[in-house]
Number of protein chains: 2
Amino acid sequence: MNKKIYEMHAEICKVFTSPKRLEIINLLRDGEKTVNELAEQACLLQANISQHLTVLRQNNVVTTRRDGANVYYKIANPKILQACDLMREVLLEKLAENEELAMRMS
Amino acid sequence: MNKKIYEMHAEICKVFTSPKRLEIINLLRDGEKTVNELAEQACLLQANISQHLTVLRQNNVVTTRRDGANVYYKIANPKILQACDLMREVLLEKLAENEELAMRMS
DNA sequence: TTCTAAGATATGAATATTCATATATATGAA
DNA sequence: TTCATATATATGAATATTCATATCTTAGAA
């Protein structure tokens, strides 16, 4: 019964297994941006950023709005940013811990 | 300069892309368990649970403690559970939203 | 030392992901 | 309609992931 939830949860998490997509999410932290702005700021080919954005959109991590020729992307739910930030904290805590350990060893 | 952090962050997130591993994490929510207990409760072959636990351990999501022939696994950092719970909330909110939409359509 | 139970690791087939490249579609201006 | 810009999609090669199976290692008991 929970199986289905675990599967959906795992599916969403696949969104976060690409450094590029994490960068895109971070670029959208302070508000919406167009595909071109994102491509430029993340140093990615337009086709690839579009592919990543499709993955983000299909998993409801971002929503879109068209204005003329431009499409604006933004984070769908602030909790997504919170979750990402928590994981980053875990990562940074571990890095700090390992660094401290290395110091004590030397 | 952030590139490296994004890569490490993405790497950790790969841990959460398996429904089985999410189930293991949930089984460890209330404290440590042995490999056998986990295999039984998650309905997985011993070899596979061990493979998943290795992934979890290598990414510092769990820590281990040996007691005789048994090895006990537990969650390394409570923030990991918090992050998982946040993502699950996002998922459940979206599901509820879609359900409501379907109701209104009918 | 031998046996047994707990856990870890190696292997390979099936499957999925990522990127570069090419091509298609959509919008507004001329 | 034609053109230019913005965005999306299709394709395939390289790479990575997952599971079942077989094999190893470790710890304690006999």
Side-chain angles (χ1 to χ4, degrees), chain A residues 3-4 6-28 32-76, chain B residues 3-4 6-28 32-76:
Chain A
K3 293 278 180 202
K4 199 72 198 168
Y6 290 130
E7 279 168 26
M8 286 188 292
H9 189 162
E11 206 57 38
I12 286 187
C13 285
K14 286 187 188 168
V15 167
F16 308 108
T17 60
S18 151
K20 315 285 188 183
R21 285 196 290 269
L22 290 174
E23 186 171 4
I24 293 169
I25 289 169
N26 204 39
L27 286 170
L28 293 176
E32 60 181 14
K33 287 202 164 86
T34 66
V35 177
N36 255 340
E37 288 172 337
L38 289 169
E40 204 174 312
Q41 292 170 28
C43 292
L44 271 176
L45 294 179
Q46 181 275 319
N48 288 151
I49 198 110
S50 217
Q51 286 166 338
H52 283 305
L53 288 170
T54 298
V55 173
L56 288 162
R57 182 163 26 82
Q58 284 173 342
N59 287 279
N60 301 302
V61 169
V62 298
T63 57
T64 63
R65 160 178 91 79
R66 180 179 274 279
D67 180 16
N70 295 309
V71 177
Y72 287 87
Y73 280 78
K74 71 168 179 185
I75 302 294
Chain B
K3 292 277 180 204
K4 201 71 198 169
Y6 289 130
E7 280 168 27
M8 287 188 290
H9 189 162
E11 206 56 39
I12 286 187
C13 285
K14 286 188 187 167
V15 167
F16 308 108
T17 61
S18 153
K20 315 286 187 180
R21 285 197 289 269
L22 290 174
E23 185 170 5
I24 293 170
I25 288 169
N26 204 40
L27 286 170
L28 292 176
E32 60 180 16
K33 288 201 163 85
T34 67
V35 178
N36 256 341
E37 287 171 337
L38 289 170
E40 205 174 312
Q41 291 170 28
C43 292
L44 271 177
L45 295 179
Q46 182 274 319
N48 288 151
I49 198 112
S50 216
Q51 285 165 338
H52 283 307
L53 288 170
T54 298
V55 173
L56 288 162
R57 184 163 25 82
Q58 284 173 341
N59 286 279
N60 301 301
V61 170
V62 298
T63 57
T64 61
R65 159 179 92 78
R66 179 179 274 279
D67 180 15
N70 295 309
V71 176
Y72 288 86
Y73 280 77
K74 72 169 180 184
I75 303 293

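In what follows, chains carry the letters A, B, and so on, assigned in the order in which the sequence lines appear, proteins first and then strands, with residues in each chain numbered from 1.
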message: Under 4.0 Å from OP1 or OP2 of C:dT17: is there any side-chain N or O of A:Lys14 that close?
response: yes
task: Verify the contact: side-chain N or O of B:Tyr73 to OP1 or OP2 of C:dA6, cut-off strictly under 4.0 Å; return yes or no.
output: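 For C:dA6, neither OP1 nor OP2 has a side-chain N or O of B:Tyr73 closer than 4.0 Å.
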- request: Determine yes or no for a side-chain-to-main-chain donor-acceptor pair under 3.5 angstrom, with A:Arg21 supplying the side chain and A:Glu23 the backbone.
  value: no
message: For A:Leu22, is there any backbone N or O sitting under 3.5 Å from a side-chain donor or acceptor partner on A:Asn26?
response: no
query: For residues 33-41 of chain B, which residues have at least one heavy atom under 4.0 Å from DNA chain D?
result: none
Closest heavy-atom contact between [X] and [Y]?
X       : Y       : value
A:Cys13 : B:Phe16 : CB-O, 3.4 Å
A:Ala42 : A:Ile49 : CB-CD1, 4.3 Å
A:Thr17 : B:Thr17 : CG2-CG2, 3.3 Å
B:Gln41 : B:Leu27 : OE1-CD2, 3.5 Å
B:Val62 : B:Leu53 : CG2-O, 4.2 Å

Expressed in angstrom and rounded to an integer, what is the separation of [X] atom [atom1] from [N] atom [atom2]?
X       : N      : atom1 : atom2 : value
B:Tyr72 : C:dA6  : OH    : C1'   : 11 Å
B:Arg21 : D:dT18 : CZ    : C1'   : 9 Å
A:Glu7  : D:dT17 : CD    : P     : 20 Å
A:Phe16 : C:dT18 : CZ    : P     : 13 Å
B:Ile49 : C:dA5  : CD1   : P     : 20 Å
A:His52 : D:dT9  : NE2   : C1'   : 15 Å
B:Leu44 : C:dA8  : CG    : C1'   : 15 Å
A:Arg57 : D:dA8  : CZ    : C1'   : 8 Å

field: Residue closer to the 5' end of DNA chain D, A:Thr54 versus A:Asn70 (nearest nucleotide)
entry: A:Asn70
message: Protein within reach of the bases, or only the backbone? For nucleotides 21-30 of chain D, mark each nucleotide 5' to 3' as B, S or -, using heavy atoms under 4.0 Å.
response: BB----SS--
query: Does a side chain donor of either B:Gln51 or B:Asn48 reach within less than 3.5 Å of an acceptor in the other side chain?
result: yes
- request: Go through D:dA6, C:dA16, C:dC19 for me and flag the one nearest to the A:Lys20 side chain.
  value: C:dC19
message: Test: salt bridge (Lys or Arg N to Asp or Glu O under 4.0 Å). Region: residues 55-65 of chain A. Which pairs qualify, not counting sequence neighbours?
response: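 Output for this query lists A:Glu32-A:Arg65.
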Any strand: nucleotide that pairs with C:dA30 via Watson-Crick or wobble, under 3.5 Å: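 When the pairing criteria are applied, D:dT1 turns out to be the nucleotide that pairs with C:dA30.
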